[in-house]
> 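Handing you a structure now.
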Amino acid sequence: MNKRNIRKNEVISLAIMVAAIIAANLLGSVLYMRIDLTTEKRYTLSDTSKEILKNIDDYVFFRVYLEGDFPADFKKLRKETKEMLDEFRAYSRFIDYEFINPSESNNPNERTDTYKLLYQSGLNPTTLSDATRDGGSQQTIIWPCALISYREKEMPIDLLEGQNGNSREQVIEASTRSLEFKLIDAVKTMVSRKKASVAFIEGHGELNKDEVMDITRSLSKRYNVKRISIDEKITSLNRRSYESDSSVLIVPNYDAIIIAKPTTSFSEKDKFIIDQYIMYGGKVLWLVDPVFATMDSLRNQSSTMGIALDVNIEDQLFKYGVRINNNLVLDYNCASIAIVTGQVGGQPQMEYYRWYYFPLLNAASENNIVSNINPVKADFASSIDATTSDIGIRKTPLLKTSDYSKTSGAPVLISLEMLKQRPSQKMFSQKGKNIAYLLEGCFESLYANRMTQQLLDSEEIGFKDSSIPTSMIVVADGDIIRNQFDIRRGTPLPLGFDQYTNVTYGNKDFISNAVSYLVDGEGLLSVKSREVKIRLLDARKIQSQSTVWQVINVVGPSVVIMILGAALALTRKKKYTK
């Protein structure tokens, strides 16, 4: 083969290669493909997310403030966030984003002004402290958050999960795992034309608005949250409209209602109104204390009594499928309380003791409501049993105590003297007790076969003796939803945060998941509860073998390229020498 033909073949090969590269790039710009080789499909969008993205009708813009010079683990969070947004763009042309460095300016005044604007938008920074080579420490302010905009609306997104005593690497892994839910939940909230409505019921001694302030703020991001009194008004929970044929159409006013720790009796008429709300498809989160007991009674005395509390809804809940027992559950796996044991320098000295009446509840099933949440802190909780009368109702336990539990029937003496006792195996000999249940199906009315013919014939009342398919959640502890108050300022604290031990429990996640399940179904919760294995690096191996792996990473690629280059040169020399 002469030199002209060789050159011609090389030109043709080069042209074919260039054409193939151009074609591949053009095809790649039109088609988006990503192969997920992880066993749990960590990088594959859920069907729920895809459906939400495909239904977007206008531009959704993300401004992500994870840009700048920060540690490698936060660079990983930035990379994962960008890849997740790219996944979103593959399913919707209306998704767009930019990454912004809020600390880019060298002018401290400009940086301060930028930080103030971000604060006002609802974003919060985090301060990192990293060791320097000279043995000191360096403080870095970063903003692991984003702002999502849709038409005239804007909403902040916190990309970083709570610390909860975990290492920074674990926090980043947890944040990465929850990225899809946080971002797609924000998209769904923004593009929804009408917010679902949730109402806290008042009028029966329920928790006041300050006691549920934190969860109300959290729920208000996704729902229209109100506080209402039934006041025996038949239109308080169901609205009525007249059709053209003079028939009455009855539909619930709210997608879900929350009954949080009632302490006075429900009238039969209020019970009837709640019952008919359920019959027409209404959802209810019941948070009920069958035994009255509070820590306030132990502030100035060493003992108090737990007394059965009759709020006149036991028969109603029994009819729907559960029985709340008049007892208190004690658990060896419990939270601690602070007790003043003396003074040092004029300041009270505190010691912490296990308080068995504050059990830490764990998931009682694999339901998405309780999947991947921290233990839930209860406060004088009672046990709850599923009844066997309603065969058509699906009953799923949600929360339970540990297998080192016991129960004390009301009335029960609650004494701080218990703190001095050494726990024994006999003391906590009972298996885990269920504290919360999810009930789903078609419920029979409490008032079936009890109504007069006149009331049955009334179109305005519209009595139904059996519900359409619906659901409810019953929790035998009203304090699960109650936030603490700062002991100095008196302001509400985040739900689940215990200011005395500085531990954050899973109460907020549980309530948020419960309301989400009742209102939206399993869709988004299935995204949030996806099981992703955290594969952390071995810290000991990193420390002992860091130099070896650095050399391999730096020298290895160069050596491989040199070997391939030498092999190619020898092959060409051998081929064209002939």
Side-chain angles (χ1 to χ4, degrees), residues 164-166 287-298 302-308 324-341 350-366 370-386 397-437 475-482 484 495-510:
N164 292 328
N166 294 325
L287 301 150
V288 182
D289 276 343
V291 177
F292 179 79
T294 67
M295 288 300 295
D296 292 336
S297 304
L298 295 172
S302 61
S303 64
T304 185
M305 291 295 295
I307 303 172
I324 298 182
N325 301 305
N326 288 333
N327 62 23
L328 291 179
V329 181
L330 293 81
D331 191 351
Y332 183 75
N333 181 32
C334 60
S336 299
I337 59 173
I339 301 295
V340 178
T341 57
M350 312 288 288
E351 290 191 23
Y352 295 91
Y353 297 89
R354 287 176 177 272
W355 186 236
Y356 306 123
Y357 288 103
F358 286 0
L360 299 182
L361 310 178
N362 293 296
S365 65
E366 296 181 357
V370 291
S371 179
N372 294 331
I373 67 172
N374 291 326
V376 175
K377 177 178 175 288
D379 188 334
F380 294 111
S382 302
S383 64
I384 183 172
D385 298 322
L398 296 178
L399 295 173
K400 68 175 182 178
T401 60
S402 76
D403 285 339
Y404 301 95
S405 303
K406 67 168 290 188
T407 58
S408 294
V412 54
L413 177 65
I414 302 168
S415 175
L416 293 177
E417 292 296 320
M418 178 181 292
L419 302 177
K420 301 177 182 179
Q421 299 176 8
R422 175 171 292 183
S424 63
Q425 190 172 4
K426 292 182 179 180
M427 183 177 178
F428 300 100
S429 59
Q430 299 178 14
K431 296 295 185 181
K433 299 296 181 181
N434 290 321
I435 307 296
Y437 264 94
V475 184
D477 180 18
D479 291 297
I480 277 181
I481 198 173
R482 182 169 61 90
Q484 290 185 4
L495 176 60
F497 175 71
D498 184 356
Q499 63 184 320
Y500 303 105
T501 57
N502 288 323
V503 176
T504 300
Y505 298 101
N507 297 49
K508 190 171 185 177
D509 284 336
F510 171 70

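From a predicted model like this one, the values you see are computed outputs, not experimental measurements.
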> Locate the shortest heavy-atom distance separating D403 from G432; write the atom from each residue and the value.
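Shortest heavy-atom separation between D403 and G432 comes out as OD1-N, 3.0 Å.
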> Of all residues at least two apart in sequence or in a different chain, which pass the salt bridge (Lys or Arg N to Asp or Glu O under 4.0 Å) check with D479?
K261, R482
> Are side-chain heavy atoms of L360 and Y505 found at a separation under 4.5 Å?
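With C-beta onward as the side chain, the pair touches.
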> Checking T407 against N325 for the side chain to side chain contact (heavy atoms under 4.5 Å, CB included) test, could you report, in this order, the C-alpha distance in whole Å, the side-chain angles of both residues, the deciding distance, and whether it holds?
CA-CA 10 Å; T407 58; N325 301 305; over 6 Å; no
> So, using side chain to side chain donor-acceptor pair (under 3.5 Å) as the criterion, who are the partners of S415 when residues are at least two apart?
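In terms of side chain to side chain donor-acceptor pair (under 3.5 Å), with neighbours along the sequence ignored, S415 is linked to no residue.
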> What verdict does the side chain to side chain contact (heavy atoms under 4.5 Å, CB included) test give for L361 and F510, after you've listed the backbone C-alpha separation in whole Å, the side-chain angles of each residue and the deciding distance to 0.1 Å?
CA-CA 11 Å; L361 310 178; F510 171 70; over 6 Å; no
> Just to verify, what does S429 make a side chain to side chain contact (heavy atoms under 4.5 Å, CB included) with, not counting sequence neighbours?
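S429 satisfies side chain to side chain contact (heavy atoms under 4.5 Å, CB included) with no residue once adjacent residues are dropped.
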> Supply the atom-to-atom distance Q430 CD to Y404 OH, rounded to the nearest 0.5 angstrom.
14.0 Å
> Working to the nearest 0.5 Å, report the span between CZ of F380 and OG1 of T294.
7.0 Å
> Any non-hydrogen side-chain atom of V475 less than 4.5 Å from a side-chain atom of I481?
no
> Do the non-hydrogen side-chain atoms of V288 and I324 ever get within less than 4.5 Å of each other?
yes
> Return yes if some donor-acceptor pair links the side-chain N/O of D289 with the main-chain N/O of G478 below 3.5 Å, else return no.
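Flag set: sc D289 to bb G478 pair under 3.5 Å.
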> So which atom in D331 and which in P359 form the shortest heavy-atom distance, rounded to 0.1 Å?
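Minimum heavy-atom separation between D331 and P359: CB-CB, 3.6 Å.
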> Got a sec, which residues hit ring pair (Phe, Tyr, Trp, His ring centres under 6.0 Å) with Y356, two or more places apart in sequence or on another chain?
F428
> Would a distance-only check, ignoring hydrogens and angles, find a side-chain to backbone donor-acceptor pair under 3.5 Å from N507 to I480?
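Side chain of N507 to backbone of I480, a donor-acceptor pair under 3.5 Å: yes, one is there.
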> For S383 and N327, which I'm curious about, is there any donor-acceptor pair between the side chains at under 3.5 Å?
yes
> For the CG atom of L399 and the NZ atom of K433, what is their distance to the nearest 0.5 Å?
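L399 CG to K433 NZ: 16.0 Å, rounded to 0.5 Å.
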> By side chain to side chain contact (heavy atoms under 4.5 Å, CB included), which residues pair with N326, not counting sequence neighbours?
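Partners of N326 under the side chain to side chain contact (heavy atoms under 4.5 Å, CB included) test: P290, A308.
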> Quick one: does L413's side chain get under 4.5 Å of M305's, heavy atoms only?
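Side-chain contact under 4.5 Å: yes.
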> For K377, what residues pass the side chain to side chain donor-acceptor pair (under 3.5 Å) criterion, not counting sequence neighbours?
none
> Checking Q499 side chain against Q484 main chain: does a donor-acceptor pair fall under 3.5 Å?
no
> Any side-chain heavy atom of I435 within less than 4.5 Å of one from T401?
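In short, these two side chains touch, coming nearer than 4.5 Å.
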> With sequence neighbours left out, write down each residue that passes side chain to side chain contact (heavy atoms under 4.5 Å, CB included) with N502, or none if nothing qualifies.
F497
> If we only count heavy atoms from C-beta on, is the Y357 to L330 side-chain gap below 4.5 Å?
yes
> Any donor-acceptor pair under 3.5 Å linking the side-chain atoms of D509 with those of N374?
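No, no side-chain donor-acceptor pair sits under 3.5 Å.
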> Sequence neighbours left out, what pairs pass salt bridge (Lys or Arg N to Asp or Glu O under 4.0 Å) with at least one residue falling in residues 407-419?
E417-K420
> Among residues at least two apart in sequence or on other chains, which ones pass salt bridge (Lys or Arg N to Asp or Glu O under 4.0 Å) with D477?
none
> Checking Y332 side chain against S402 main chain: does a donor-acceptor pair fall under 3.5 Å?
no
> Does T304 have any side chain to side chain donor-acceptor pair (under 3.5 Å) partners at least two apart in sequence or in another chain, and if so, which?
none
> Using the rule given for side chain to side chain contact (heavy atoms under 4.5 Å, CB included), can you reason through M295 versus I337, listing the C-alpha separation, both sets of side-chain angles and the distance that settles it, and then say yes or no?
CA-CA 10 Å; M295 288 300 295; I337 59 173; 4.1 Å; yes
> Kindly write out the residues that satisfy side chain to side chain contact (heavy atoms under 4.5 Å, CB included) with V291, not counting sequence neighbours, or none if the list is empty.
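Partners of V291 under the side chain to side chain contact (heavy atoms under 4.5 Å, CB included) test: L328, S382, A410.
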> Please find the pair of heavy atoms, one from K406 and one from M427, that lie closest to each other, and give the distance.
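Smallest interatomic distance, heavy atoms only, reads CD-O, 3.0 Å.
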> Would you confirm whether S365, through its side chain, and P397, through its main-chain N or O, come within 3.5 Å as a donor-acceptor pair?
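A pair under 3.5 Å: yes.
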> Partners of N434 by side chain to side chain donor-acceptor pair (under 3.5 Å), sequence neighbours excluded?
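Residues passing side chain to side chain donor-acceptor pair (under 3.5 Å) with N434: Y437.
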> Return the orientation label for the W355 and F358 ring planes: parallel under 30°, perpendicular over 60°, tilted otherwise.
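Aromatic pair W355/F358 classed perpendicular.
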